[in-house]
Amino acid sequence: MTAAIGPRPWRMLIGGRWVESVSGAWREISSPARRGHLLARVPEAAAEDVDLAVAAARAAWPEWRDQHFSVRQRVLLKIADAIESRSEDLARITAADTGNAIRTQARPEVTMLVGLFRYFGGVAGEVKGTTLPAGSSQLQYTRQEPLGVVAGILPWNSPLLIAGFKVPAALAAGNTMVLKAAEDAPLPILMLAEICQEFLPDGVLNVITGQGGTAGAALVGHPGVNKVSFTGSTEVGRLIARRSAERLAHVSLELGGKSPSIVFPGTITDGLIDGLLASSRVTRQGQSCTAGSRLFLHREVHDEVLERLVARLADLQVGNPLDDASDVGAVINETQYRSVQDYIDEGLANPALTLELGGTPPATGRLAEGYYHIPTVFSGADNTFRLSREEIFGPVIMVIPWIDVEEVIRMANDTAYGLAAYIWGDDINSAIDVAHRIEAGWVQVNQGGGQMVGQSYGGYKQSGLGREASLEGMIAGFTQTKQINVRLAG
Ligand code: NAD
């Protein structure tokens with residue numbers, strides 16, 4: 001499964017060259033699917049590597065910025081084609097490195113990545129300013145100018161998808177970039193860098209691998225970085241906001257979530273159950289910031305929806321992420337595995353909760369070879385329980401009954417987070433009313449899939465600042481406005 005990955009000399013991309021770290025330090029990358037199995041090693045960047053990467057991005061910026069937009073557009077569209085032609089390689093390396101199951105997660109992630117490169121390439125010419133009707137003696141217009149060097153800092157849970165929100169948008173708008181891969185999932189990002197580098201001028205995209213506290217912190221504090229575009233935990237996001245604020249760098253934050261999924265009384269179809277399954281993100285081991293992990297079931301439909309959802313979840317096959325038969329893969333590493341297990345143990349010890357499915361994963365056999373959790377459902381939950389409030393980032397669903405619509409809206413909004421929400425019901429008017437009253441950046445009605453190309457994406461409250469995935473998000477997040485007023489003769 002991993003033979004093709006191991007011997008390969010993975011290096012970082014700086015200024016168009018594939019380099020080791022200045023210190024010569026390496027980091028070992030382990031398999032989520034087989035405990036203790038090394039997949040590869042990658043350079044361990046530190047502050048001096050960050051200096052080189054930022055210098056390369058700064059040097060490349062003026063020429064990239066000053067091109068006609070169609071040059072950037074052509075390059076991004078060529079990259080999209082090249083990603084598409086290597087999509088199976090990218091999906092396989094994502095599955096091996098992150099533990100995301102290839103059929104349900106890794107391949108769809110690559111498809112979305114292709115779509116994002118095509119979308120941002122396509123709208124590259126829409127980074128437009130305005131002209132004020134200021135009379136015949138004045139020409140007053142604005143330009144949307146790129147910010148300069150953008151640092152993209154990535155999490156491990158869906159590295160290519162998150163890179164797809166940042167890289168083509170920042171580049172289409174005329175910025176250059178330094179991308180830092182997550183410690184535990186650098187390989188898909190390095191493969192993406194290889195593909196991009198076939199088409200981009202040297203230094204336009206630089207990719208480093210290293211730890212958050214060293215390479216990441218150096219990037220955030222670097223005076224040559226104009227914007228930090230961060231996706232990760234709320235805790236680290238706060239730290240990055242503070243450090244960026246010290247030097248007034250632009251910053252955007254895509255952070256954690258604890259998203260509500262609200263089911264109204266009405267018809268219970270297979271489509272509803274499939275939608276709930278999708279929105280729970282259990283096939284991503286629950287390692288998704290948009291997981292509908294608080295499931296509010298109206299009392300009238302509570303028992304039937306619960307029974308049918310549990311039956312559907314029980315059918316899922318947990319196993320080797322590289323196996324097409326697996327619906328659910330492995331959790332990223334031992335730390336996450338233990339953290340999820342601590343939450344499950346707390347749920348098992350809570351007499352108010354009923355374990356409907358899952359619980360502690362098997363200690364022996366096939367699943368014990370890797371960091372596998374099994375789909376877990378607790379019913380009888382209260383919105384105040386720690387398991388209902390904190391982001392577990394594992395395949396754990398907390399089921400909370402409700403009767404009164406005002407009460408369910410209050411409970412749904414009673415959270416520090418505000419990333420996503422899901423509303424399910426036959427009465428579209430009630431569903432839309434609730435959608436408007438939910439404090440979240442992204443609400444879906446009667447569907448539970450992932451982000452779509454071109455939509456606005458980002459969080460309310462502690463789930464973040466700024467928007468990605470759309471043209472508007474690109475203009476707001478990766479450009480700044482310059483006003484030019486000219487006195488005309490005559
Ligand atoms: P994390 O916050 O631990 O790390 C994210 C990135 O930040 C990594 O590259 C890490 O090396 C870096 N980092 C850590 N400390 C740093 C520092 N002091 N300075 C600079 N960089 C630093 O997050 P994670 O565990 O990799 O990812 C899981 C989290 O990401 C979850 O909370 C999840 O909800 C969130 N997430 C959010 C979105 C979204 O779009 N809102 C998407 C995916 C993941």
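In this chain, residues are counted from 1 in sequence order. Just so you know, ligand 1 is whichever comes first in the structure, and atom 1 is the first atom listed for that ligand.
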Using a strict 4.0 Å threshold on nitrogen-to-oxygen distance, state whether [X] and [Y] make a salt bridge.
X: Arg242; Y: Glu246; value: no
X: Glu369; Y: Arg35; value: no
X: Lys461; Y: Glu439; value: yes
X: Arg103; Y: Asp327; value: yes
X: Arg386; Y: Glu346; value: yes
X: Lys180; Y: Asp49; value: no
X: Glu20; Y: Arg11; value: yes
X: Asp89; Y: Arg92; value: no

Side chain, backbone, both or neither: which part of [X] comes within less than 4.0 Å of ligand 1 when only heavy atoms are counted?
X: Asp184; answer: neither
X: Thr290; answer: neither
X: Leu219; answer: neither
X: Glu391; answer: side chain
X: Val236; answer: side chain
X: Glu235; answer: neither

In this structure, does ligand 1 have an atom that sits under 4.0 Å from one of the heavy atoms of Gly459? no
Just distances here: any N/O of [X] and N/O of ligand 1 closer than 3.5 Å?
X: Ser158; answer: no
X: Glu183; answer: yes
X: Leu154; answer: yes
X: Leu419; answer: no

What protein heavy atom sits nearest [atom], and how far away is it?
atom: atom 7 (O) of ligand 1; result: Phe230 CE1, 3.1 Å
atom: atom 17 (C) of ligand 1; result: Gly212 O, 3.3 Å
atom: atom 3 (O) of ligand 1; result: Ser233 OG, 4.0 Å
atom: atom 40 (O) of ligand 1; result: Tyr457 OH, 2.9 Å
atom: atom 35 (C) of ligand 1; result: Gly232 O, 3.0 Å
atom: atom 27 (O) of ligand 1; result: Pro155 CB, 3.4 Å
atom: atom 18 (N) of ligand 1; result: Leu239 CD2, 3.6 Å
atom: atom 26 (O) of ligand 1; result: Trp156 CD1, 3.0 Å

Any atoms of ligand 1 less than 4.0 Å from a non-hydrogen atom of [X]? List them with their elements.
X: Asn157; value: 43 (C), 44 (C)
X: Ile240; value: 20 (C), 21 (N)
X: Lys180; value: 9 (O), 10 (C), 11 (O)
X: Gly256; value: 32 (O), 34 (O)
X: Ile162; value: 42 (C), 43 (C)

Report the distance from atom CZ of Phe378 to atom CG of Leu355, rounding to the nearest 0.5 Å. 5.0 Å
To the nearest 0.5 Å, atom CE of Met398 lies from atom CG of Leu353 at 4.5 Å
Establish whether atom 24 (P) of ligand 1 and some protein heavy atom are separated by less than 4.0 angstrom. yes
Before giving the answer on ring-ring contact (aromatic ring centres under 6.0 Å, His included), spell out for Trp442 and Tyr417 the whole-Å C-alpha distance, their side-chain angles and the decisive distance to 0.1 Å. CA-CA 12 Å; Trp442 177 30; Tyr417 294 114; over 10 Å; no
Pair Asp202-Arg17, salt bridge (Lys or Arg N to Asp or Glu O under 4.0 Å): steps then yes or no: CA-CA 8 Å; Asp202 293 349; Arg17 293 176 48 241; over 6 Å; no
Establish, yes or no, whether the cationic atom of Lys227 lies under 6.0 Å from the six-membered ring centre of Phe478 and within 45° of the ring axis. yes
Is Arg247 atom CZ crowded by more than 12 heavy atoms from other residues, nucleotides or ligands, each under 6.0 Å away? yes
Is there a donor-acceptor pair closer than 3.5 Å between any side-chain N or O of Thr234 and the backbone N or O of Gln462? yes
Counting only heavy atoms, tell me which of Cys289, Ala185, Pro186, Ala182 gets closest to atom 36 (N) of ligand 1. Cys289
